[in-house]
Amino acid sequence: GRGRYVSRAWSKNIATQIKKMYPDANIKFRKKPTPRERRSDEWNLNNQVAREDIGVVVTLSSFVGLHALMLGVPVIMLGPSEADYLSSKSLRDLKNPKYPTPVEFKDHMMWLACNQWSHQELKDGTAWKWLKKLQGENKWNPNTCLSTFYSQTGSISWKYKKINEL
C-alpha cells in the first residue's frame, strides 16, 4: 500500500542524505516488521544489535528508537516521539550521537510511566487534560507525577500516581 511506498521513499531520502554527509557510512536498513515478524528471532532488535553491530539507529518516530535506547544504542530521532528527549535530532550527529545519562534515562522512563492512561481516563477527558498541562515538558518532574518501581512476585512493575494539581 501507500504506507510502504512512503516508508521506502523516506528511507531512500535519508540514506542519500547520510551518504552525502558521510560517504564512508555503513548503512543497514530495517523495514518496519509486521506484528508476526516482530515475534521472530530474525526481527528481534536485541538479536539484530548483537548480530549486526548496530552503532546508531535513525528513525522518524518509532518505538524502535526507545527500544534501541533501552539496549544502549544511541538514536537520531527525526520526528516527535516518546524517545526524542533522549535522542539526537539531526543527521549531523551521526558520528557523535547523544548518549543519555543513566539519570536522564531513568527520569524519562518515569515520565513515560506517568503518561499511561486507563480506558476510563481516555473516555472521561482526564488524559487530555493532563496531556495539555504536560505539553512540552517531555521530562520527569516530581511535582507533576510520582512514579516508583515495586516488585510483585519477583518481577518489576510500575506503580504510579498522578498529582491532582500542577
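Every heavy atom of this structure was used, including side-chain atoms; hydrogens, water molecules and symmetry mates were not. For this chain, numbers begin at 1 and follow the sequence in order.
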What's the separation between atom OG in S118 and atom CG in D124, rounded to the nearest 0.5 Å? 7.0 Å
Shortest non-hydrogen contact from K89 to D93? N-OD2, 4.0 Å
Measure across L69 and P74 and return the closest heavy-atom pair with its distance rounded to 0.1 Å. CD2-CA, 4.3 Å
V75 and G65: which non-hydrogen atoms are nearest, and at how many Å? CG2-O, 3.3 Å
Among residues at least two apart in sequence or on other chains, which ones pass side chain to side chain contact (heavy atoms under 4.5 Å, CB included) with D24? Y22, K95
Using the rule that Ile, Leu, Val, Met, Phe, Trp and Tyr join whenever any side-chain heavy atoms are under 4.5 Å apart, tell me whether F63 and W43 fall into a single cluster. no
Distance (rounded to the nearest 0.5 Å) between I76 CD1 and D84 CG: 13.5 Å
L78 CG to I14 CD1 distance, which is reported to the nearest 0.5 Å: 5.0 Å
Check the hydrophobic clustering (I, L, V, M, F, W, Y; side-chain heavy atoms under 4.5 Å; chains of links allowed) and say if Y99 and V58 are grouped together. no
Taking the side chain from H108 and the backbone from E82, do they hold a donor-acceptor pair closer than 3.5 Å? yes
Y85 backbone acceptor or donor facing K98 side chain under 3.5 Å: yes
Could you check Q48 against L71 for side-chain contact (heavy atoms from CB on, under 4.5 Å), going step by step and ending with a plain yes or no? CA-CA 11 Å; Q48 283 187 312; L71 295 171; over 6 Å; no
Between the CG atom in N26 and the CD1 atom in I18, the distance rounded to the nearest 0.5 Å is 11.0 Å
CG on L66 to CE on M77, rounded to 0.5 Å: 8.0 Å
For N46 against H67, the heavy-atom pair lying closest together: OD1-NE2, 3.1 Å
With a 6.0 Å cut-off (strictly less than), is the heavy-atom count around NZ of K12, excluding the residue itself, greater than 12? no
Closest non-hydrogen atom pair between T59 and W10, with its separation: C-CH2, 3.8 Å
Determine yes or no for a side-chain-to-main-chain donor-acceptor pair under 3.5 angstrom, with R51 supplying the side chain and E42 the backbone. yes
Rounding to 0.5 Å, atoms NZ (K20) and CG (L91) come to a distance of 12.0 Å
Quick one: closest heavy-atom pair of N47 and D41, and the distance? ND2-O, 3.1 Å
